[in-house]
Amino acid sequence: MSSGTRDIVAETLLKSEKTVFMNREVLRSDYIPEYLPHREEQIRKLTEVLSPLLRGERPSNVFIYGLTGTGKTAVVKYVLKRINEYAKRVGNNMFLPVYINCRHESTTYRVLSTLVESLGGKVPFTGLSTAEVFRRLKVKVNMTGGIVVIVLDEIDAMVKRVGDEILYRLTRVNEELERGKVSVIGITNDVRFRDGLDPRVRSSLSEEEILFPPYDALQLSDILRDRASKAFRPDAVGEGVIDYCASTAAREHGDARRALDLLRVAGEVAERLGDNVVRIEHVKIAREELESDMVSAVVKTLPQHGKMVLLSIALAGGRFSTTGELYIKYREISRSLGLEPVTQRRVSDIVSELETAGLVIAKVVNRGRYGKTKEVELAVDRNIIIKSLRDEARALGK
DNA sequence: CCTCCACAGGAAGCGCAGGAGT
DNA sequence: ACTCCTGCGCTTCCTGTGGAGG
């Protein structure tokens, strides 16, 4: 059967030669393109605000808000990069941008230690008091002697957990510094986030504000077309594919990241199937794959009882009309698996966590005489949830 | 108009793990 | 060896609340 083996190798090689991509990195959401369509106004405004950097002066703090996938992060990174290049050309680079994603670094301690680390300091991942880490930060900023532009992306994720005290201290730190200076760019996708802040923080953080409205389907099409021309081989994108991706993503609040992911994975699907043109059916498969990937990634990080609660909802047909019913079911399932159930209060928090993770939709409802409760419903396909839970259980060896 | 349901969700704190400084 | 710090998952106790039914 040596001829069979040779055939497989040859076939596989032939397939991988038939790629639809020229450069798939262009479609990744962390790629910063040379051109950001439909964000000219935001780019101009941010550049204006940050322009004092070139004169070695501290720019105003900026507050940026807009929904996910509206280009906030891309614009900030793009502008900072360009200013940096420009500053180097004119021989003035006394500023240092530091980018932090507060969803990943969601505590005061972790934000501060990441800051110190990006300035070349060292901090253990636990063990010090925050006051000590803050002191080290000041030392580092003083040592650079320039202006540190701190970008706090998804700032709401952190403030929701640990409050806004760190923002207060960061926006005031300049008063305690002799040489260096700090300015803060806060990015959030929670439009009402600003209202919940301490008034002192609000006024100092939003010396300037920039709003990023969602893209509509036409604008998304422009963005996709622009990227696709660099990402794919000519003629590798089938008719209507771009518009289909754009309108699918536009339905989900104009999220450009979604649209780009969809297009990239569709390309990967086409490639895998040995097709040299991306078609709409590939996009449909891509959509399912993306959802399933998102779910299993989230499920993996869930605490044990988080998985149990999710399982309870999935087994009950995907929804509960009261927290009480959910709790009874959850307790039953936990016990049957030999697990001591947690309190209802905790389950209530777990449901909120599942909601932030995008796995369920929870709505507070008032039923008058019959009390106030929460309706919970799965936000994704029930079978995908069950499959992810099963995979995860198997991975844990049980 | 008042009551009172069935919770939501805030506040405080606990025990443990991981680690620093002394 | 000892004290002190944080994050995490969790409990206990608590106050707040929109509206159906009286």
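All values below come from the heavy atoms of this structure, side chains included, with hydrogens, waters and symmetry mates left out. Note on naming: letters A, B, ... go to the chains in the order of the sequence lines (proteins, then strands), and numbering restarts at 1 for each one.
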Open item on the list: Can you measure Arg331(A) atom CZ to dC10(C) atom P for me and round it to whole angstrom units?
Closed with: 16 Å
Task: Pairs satisfying ring pair (Phe, Tyr, Trp, His ring centres under 6.0 Å), at least one member in residues 310-335 of chain A, at least two apart - done: Tyr327(A)-Tyr330(A)
Give each protein N/O atom lying under 3.5 Å from an N/O atom of nucleotides 9-11 of chain B, with the pair distance.
| residue | atom | partner | partner atom | Å |
| --- | --- | --- | --- | --- |
| dG9(B) | OP2 | Lys374(A) | NZ | 3.0 |
| dG9(B) | N7 | Arg345(A) | NE | 3.2 |
| dG10(B) | N7 | Arg345(A) | NH2 | 2.8 |
| dG10(B) | O6 | Arg345(A) | NE | 2.8 |

TODO: Give a yes or no on whether a salt bridge exists between Asp261(A) and Arg264(A), defined as a side-chain N under 4.0 angstrom from a carboxylate O.
DONE: yes
Open item on the list: Rounded to whole Å, how long is the line connecting atom CZ of Arg346(A) with atom C1' of dC7(B)?
Closed with: 18 Å
Open item on the list: With heavy-atom distances below 4.5 Å as the criterion, would you say the side chains of Leu152(A) and Leu167(A) are in contact?
Closed with: yes
Task: Of the listed nucleotides dC7(B), dT11(C), dG7(C), the one nearest the side chain of Thr323(A) - done: dC7(B)
TODO: Mind grabbing the angle between the end helix axes of the helix from dT3(B)-dA20(C) to dT22(B)-dA1(C)? Five pairs an end, 10° rounding.
DONE: 30°
- [ ] Measure from the side-chain N and O atoms of Lys72(A) to the backbone N and O of Leu67(A), and report whether any donor-acceptor pair falls under 3.5 Å.
- [x] yes
Task: side chain to side chain contact (heavy atoms under 4.5 Å, CB included), paired with Val376(A), selected from Val309(A), Val351(A), Ile361(A), Thr322(A) - done: Val351(A)
Open item on the list: Assuming nearest nucleotide by heavy-atom distance, tell me which of Gly371(A) and Arg136(A) is located more 5' along DNA chain B.
Closed with: Gly371(A)
Open item on the list: Measure CZ/Phe134(A) against P/dT6(C) and give the value in whole Å, please.
Closed with: 14 Å
Task: Shortest non-hydrogen contact between Met308(A) and Ile333(A), atoms and distance - done: CE-CG2, 3.7 Å
Open item on the list: I need the CG-P distance between Asn366(A) and dC4(B), as an integer number of Å.
Closed with: 17 Å
Open item on the list: Under 4.0 Å, counting only non-hydrogen atoms across every strand here, what does Gln344(A) touch: a base, just sugar-phosphate, or nothing?
Closed with: sugar-phosphate
Task: Closest nucleotide among dC8(C), dC10(C), dT3(B) to the His305(A) side chain - done: dC10(C)
Task: Minimum-distance nucleotide (side-chain atoms of Thr343(A) versus dT11(C), dG18(C), dC7(B)) - done: dT11(C)
Open item on the list: It should be established whether Tyr327(A) places a side-chain nitrogen or oxygen under 4.0 Å from OP1 or OP2 of nucleotide dC7(B).
Closed with: no
Task: Gap between atoms CD and C1', on Glu132(A) and dT6(C) respectively (whole Å) - done: 14 Å
Open item on the list: Please determine whether a side-chain nitrogen or oxygen atom of Arg367(A) lies at a distance below 4.0 Å from atom OP1 or OP2 of dA20(C).
Closed with: no
- [ ] Could you work out which one of dA20(C), dA8(B), dC10(C) sits closest to the side chain of Arg369(A)?
- [x] dA20(C)
- [ ] Taking side chain to side chain contact (heavy atoms under 4.5 Å, CB included) as the test, write out the residues that go with Tyr31(A), two or more places apart.
- [x] Val26(A), Pro33(A), Arg227(A)
- [ ] Find the distance Ile350(A):CD1 to dT11(C):P and express it as a whole number of Å.
- [x] 8 Å
TODO: Using atom CD1 of Ile328(A) as one end and atom C1' of dA6(B) as the other, report the distance to the nearest whole Å.
DONE: 12 Å
TODO: Please report, rounded to the nearest Å, how far the P atom of dA17(B) is from the OH atom of Tyr109(A).
DONE: 19 Å
Open item on the list: To the closest 0.5 Å, what do you measure between CG (Leu96(A)) and CG (Asn84(A))?
Closed with: 8.0 Å
Open item on the list: Applying ring pair (Phe, Tyr, Trp, His ring centres under 6.0 Å) as the test, list every pair that has at least one member in residues 222-246 of chain A; sequence neighbours left out.
Closed with: Phe21(A)-Phe232(A)
Open item on the list: Does anything in residues 345-358 of chain A form a salt bridge (charged side-chain N to carboxylate O under 4.0 Å, His left out)? List the pairs, not counting sequence neighbours.
Closed with: Arg345(A)-Asp349(A), Arg346(A)-Glu353(A)
Task: Proximal nucleotide (of dA20(C), dC7(B), dG9(C)) relative to the Thr373(A) side chain - done: dC7(B)
